[in-house]
Amino acid sequence: MSYFAGKYDVAVIGAGHAGIEAALASARLGCKTVVFTINMDAVGNCPCNPSIGGTAKGHLVREIDALGGEMGKTADECLLQMRMLNRGKGPAVHSLRAQIDRRKYSEVMKHKLELQENLELHQAEITDLEEISGGWKAVTRMGAEYEVKAVIIATGTYLGGRIYIGELNYESGPDGIFPATFLGASLKKLGLSLRRFKTGTPARVLKSSIDFSDLEEQKGDEPVIPFSYETEEQLNNKVVCHISWTNENTKKIILDNIHRSPLYSGMIHGVGPRYCPSLEDKIVRFSDKERHQLFIEPCGENTEEMYLQGMSSSLPEEVQLKFYHSIKGLENAIVMRPAYAIEYDCVDPLQMNNTLEFIDHPGLYGAGQFNGSSGYEEAAAQGLVAGINAALKIQGKDPMILDRAGSYIGTLVDDLVTKGANDPYRMMTSRSEYRLILRQDNADERMTPIGRKVGLISDERYGKFLKKQELKARELERIKKTVIPPSEEINSLLVSRETSPINTGVKLVDLIKRPQLSYEILSTIDKDRPQLDANIFEQIEVEVKYEGYIKKQLAQVEQMRRMESKSLPTDLDYKTVSGLRLEAQEKLNKVHPSNLGQAARISGVSPADISVLVIWLSK
Amino acid sequence: MEKTIAAVSTPIGTGGISVIRISGDDAVQIADRVFVSVSGKKLSELKGYTSAYGKVYDKGELLDEAVATVFLAPHSYTGENVVELSCHGGMYITSQVLRAILDSGAVTAEAGEFTKRAFLNGKIDLTESEAVMDIISAKGRAAARSAIGIKEGRLRREIDDVKSSLIDSAAHLSAWADYPEEDIPEVSEDTLCENITNALSKLNSLIRGYDIGKSVKEGIDTLIIGKPNVGKSTLMNFLSGSEKSIVTDIPGTTRDIIEETVVLGNVVLLLSDTAGLRDTDNPIEKIGVERAKKRVQSCGLVLAVFDASRKLDENDYSMLEMLSDVPSVAVINKSDLNSVIDVDYIKSKVSEVVFISAVTGDGIDNLISAVEKITGAAEFDENTAVLSTERQRECTICAKNALEDALSALNGGFTLDAVTVSLEEAIQALLELTGERVSEVVVHGVFSKFCVGK
């Protein structure tokens, strides 16, 4: 009952955040692309929080946008509220976080896929992958056989998905959609090693059943700064979120019932995210903490469902009701969807190289939760990398490899394929050693030239980018040349900001450098300031203020790149390199680092092993 | 395949026994070509960790008696097959034995090559290999003991302490920045400042200790000065235990600066005897006096010798003036004779004053403790952690500078992410120090400083 369904360049399995970026990139680069989703209504679904961005994740969204991806634009289109996190903690950790309308997001993304040239979207479950000459054969459950040059697996939590709520568990994908039950066996047959990870989501409750009267309100920032460098329209905040706290009673209810949690009864074997624990996990692990914070977030403009951020759980439904009702504001909450944990199959990303292609299976790529990460933004970033590289390879072009010094995306991919992931990998600013360089404000400077080279940045967009760079250079020149003479006006301003007055002319740039001052504060005395995009002032201010620290990081980048420039042959059998310890031989043979810098980051490879490689290379 | 290497691994010219080490795949076969055991057994028939007594021949000619000890890979210092031949010492015989071994197929070990191989074969880690290098070259007892301390990881523990407190701060900062919605307690700038200041003071004392440790290990450039015929040469001879200086009763016979290394208590002194310090018209002697004055300003320690039986004169007064800002000990010699010297005046100029009789040896213990005190060697506790190489010092200074940047960012009103990156730079430098991170520069740097034999 099988039939030949056609030849394509790229097949993408899954249309979540990874699959979408992979498919759009591949199609936009001219590859005939087919995307499979188990349920047409689940394209671009946000089965967890109705938000995009957050610390470090906001950086990823900006980079995805600057490289030519779609997530930032769609999030802007579906925006409910935007905040810039970490204002006051420094430019390296400023991050945008948006509340979005999740149904709208899904619809907009689906529509974009439908409209995309070179792209076909099909509702089908892929049950088998087979290596054939010149590529792969992907078979649907209906027996349709697609012959493709490359396959990108982006199965999210669908692959072997199993939902846990208390003592109950059953095979399922997220949000009650059925899971992918056959593909896992096919992947094992190929020799991929699969493992189980776990994640979870909190309950959704009916807005009218919540008593907001005593809850703290959280508003968006005005004016809204969009994710996308291409969003020109001024966006507005449409909703507010609310903050509440758990209490001693919540804690007691959970501890009294902890034996009924599948995590603690031993039913779940999958590894959960350390950085995004369930409430019972937080209460057990941080038992001295009296209360935990939660955010009540609207799921969309046309729904009354409210998301309870921070309250994910896999306790039985009746226990959930009890503990949710113990929380201020939620005393009479009507739970529309219960919280659940979901366990799923994913691969060990050490089997991949920096293009997210499997080392032993040319033409086979992975992205998103399938690679062991967690989060929509991490998924989208990998999807973009896999989609771009699949297309470049098919077209016989050089791969796009992003390094740690250039982007969070590069850091994410390098971490995954070099260090692997022992629990769902979440991006954090502390994962980057170069974070004063990798800021959300300069993502365009870092990524747009790469996107242009790859072919995802239009002439128009690139022209605008170059224009902006020119304006920035000119403004930088201006503040370096402009001398502010001492005057009563300037000195009273300086004194009011608790910084020393001037008695000779001072360059504008040196005033901006002072930690107590800023472009904004100096606006009254800087009469000739041109009208420029706010982002230009932001970039310049950071670069000027943090010049010394940025220079230091650039020096570290230099050092790192020197190590990265020492290539290691990818077909080297490390067992033949005498002097390497056994563990190092095994790890190196598993990861096959492309250079010495990457080898040094592999856990289990010691400095002594690196020196053996240095000497081996110099022979 | 690595070549089999050989070298004399005990210091040349001292000690009753010289050990020649052969390491590599062919070590045992090569040893068999020069060594014949009394039992008649070949070394290749022996198990690891066994010794044989026998004779060393070069092309049939008997060179020496020796004990050969066989170590089989990987259970040896280098992790390779190793044979150690213990011979009777003496420069000539030892070099003959080595020559015979090299003629039989081994090549001369490069500087530090045994340790390098041990490192590459995973037998020792980077800080250990540096410590081995230090033990080999340590001159004084304290230095040798502290080098052993490093090998046991004392420095590592000290650095780990600093590192883990910095990592705690950095982790808190990261958590606070990465989880703005998780009610992570705000990082208190006071606590942060205190933590960084503590780490900084530990690093500073390590750096200070390095300078003291360096003098302990490499010796202190020490000058013996004094007017003619007060007993400088006698003192030097006494300290050095051999008659290298010319001792006469005619004033002004010692004209050249003579260098000698002596171990005085915990300290290694690089002694220089100088021409007698006095105004003179003799042109040859004058050169010596000028040189001595210059040396006083640049040396690490001055032993100013006075004659207890003679009153202070103009020469003594001008000499005492020269010593005002130089670490110095006044040594009043001939304390066995009747004392007429103005001790109080000397004490007003030089803080350490000791009485000795260079002829009888009385008072030497006082001299030792005065020297240890003035050089800081008394505080130098071989049981505390010590930075022992220039590389380790560089890493520590790099960490120190980064922490100072962190502090100035903190005090200068910068946002905490500038503090975080500086903290992380410091942690990175410390990781490099302990060898947890390594750049090729480090590896090459370490090995270029190794000395032959070990």
Side-chain angles (χ1 to χ4, degrees), chain A residues 54-56 85-86 88-95 97 243 245 275 289 291-293 295 309-310 426-431 433-436 498-499 514-516 545-546 548-549 552-553 556 559 562-563 566 578-582 584 596 600 606-615 617-618, chain B residues 1-2 79 116-129 170-171 173-184 186-187 401-402 405-406 408-409 411-422 424-425 427-428 431-432 434-444 446-447:
Chain A
T55 319
L85 304 178
N86 285 333
K89 294 184 188 176
V93 294
H94 286 175
S95 273
R97 184 181 191 276
I243 296 171
W245 299 85
Y275 304 108
K289 223 176 152 178
R291 56 179 206 165
H292 296 272
Q293 197 175 27
F295 290 82
Q309 193 207 310
R426 174 182 159 158
M427 188 37 91
M428 298 184 288
T429 58
S430 50
R431 297 217 193 250
E433 45 291 52
Y434 312 114
R435 56 186 173 281
L436 272 180
E498 298 182 338
T499 173
R514 296 191 183 181
Q516 300 85 351
K545 272 198 196 317
Y546 292 84
Y549 297 91
K552 259 165 97 162
Q553 296 226 308
Q556 290 162 11
Q559 203 180 350
R562 268 202 300 277
M563 286 283 276
K566 307 261 187 242
S578 65
L580 285 178
R581 290 167 317 113
L582 195 62
L596 209 57
S606 73
D609 298 317
I610 293 303
S611 55
V612 169
L613 288 178
V614 170
I615 297 196
L617 276 176
S618 66
Chain B
M1 197 179 73
E2 293 283 348
K116 182 170 168 180
R117 288 187 179 197
F119 174 58
L120 292 184
N121 289 325
K123 303 293 283 188
I124 54 175
D125 75 18
L126 195 62
T127 35
E128 273 185 312
S129 57
L173 283 166
S174 302
W176 176 69
D178 272 324
Y179 296 93
E181 300 181 329
E182 291 284 341
D183 80 293
I184 306 278
E186 189 165 333
V187 180
N401 291 341
D405 285 347
S408 72
N411 299 330
F414 275 97
T415 48
L416 286 179
D417 56 355
V419 179
T420 314
V421 297
S422 303
E424 283 179 4
E425 194 189 350
I427 295 168
Q428 188 70 26
L431 287 172
E432 194 160 292
T434 54
E436 288 162 276
R437 288 278 192 291
V438 78
S439 62
E440 38 183 339
V441 189
V442 177
V443 179
H444 287 319
V446 167
F447 286 129

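Numbered from 1 within each chain, the chains take letters A, B, ... in sequence-line order.
In terms of heavy-atom pairs under 4.5 angstrom with chain A, the leader among B/Leu173, B/Thr415, B/Thr420, B/Val187 is B/Thr415. Options A/Leu85, A/Asn86, A/Leu436 differ in how many heavy-atom pairs under 4.5 Å they form with chain B, and the most are formed by A/Asn86. Contacts with chain A were tallied for B/Ser174, B/Ala418, B/Ala171; B/Ala418 has the most, counting heavy-atom pairs under 4.5 Å. For the options A/Gly88, A/Gly54, A/Ala584, A/Pro91, heavy-atom pairs under 4.5 Å to chain B are most numerous at A/Pro91. When each of A/Ser95, A/Ala56, A/Pro515, A/Gly310 is checked for heavy-atom pairs under 4.5 Å with chain B, A/Pro515 comes out on top.
Residue contact with chain B, scored on non-hydrogen atoms closer than 4.5 Å, involves the side chain of A/Arg435 exclusively. Only the side chain of A/Phe295 comes within contact range of chain B, with at least one heavy atom under 4.5 Å from a heavy atom of that chain. Proximity to chain A involves both the backbone and the side chain of B/Ala409, based on heavy atoms less than 4.5 angstrom apart.
Minimum heavy-atom separation, A/Thr55 to B/Ala177: CG2-O, 3.2 Å.
A distance of 10.0 Å separates CD of B/Glu425 from OH of A/Tyr549, quoted to the nearest 0.5 Å.
Here the options are A/Gln556, A/Gln553, A/Lys552, the test is side chain to side chain contact (heavy atoms under 4.5 Å, CB included), and the partner is B/Val421; only A/Gln553 passes.
Remark: side-chain polar atoms of A/Lys89 are paired, donor with acceptor, to backbone N or O of B/Trp176 under 3.5 angstrom.
In this structure, B/Asp417 and A/Tyr546 have side chains that are in contact, with non-hydrogen atoms separated by less than 4.5 Å.
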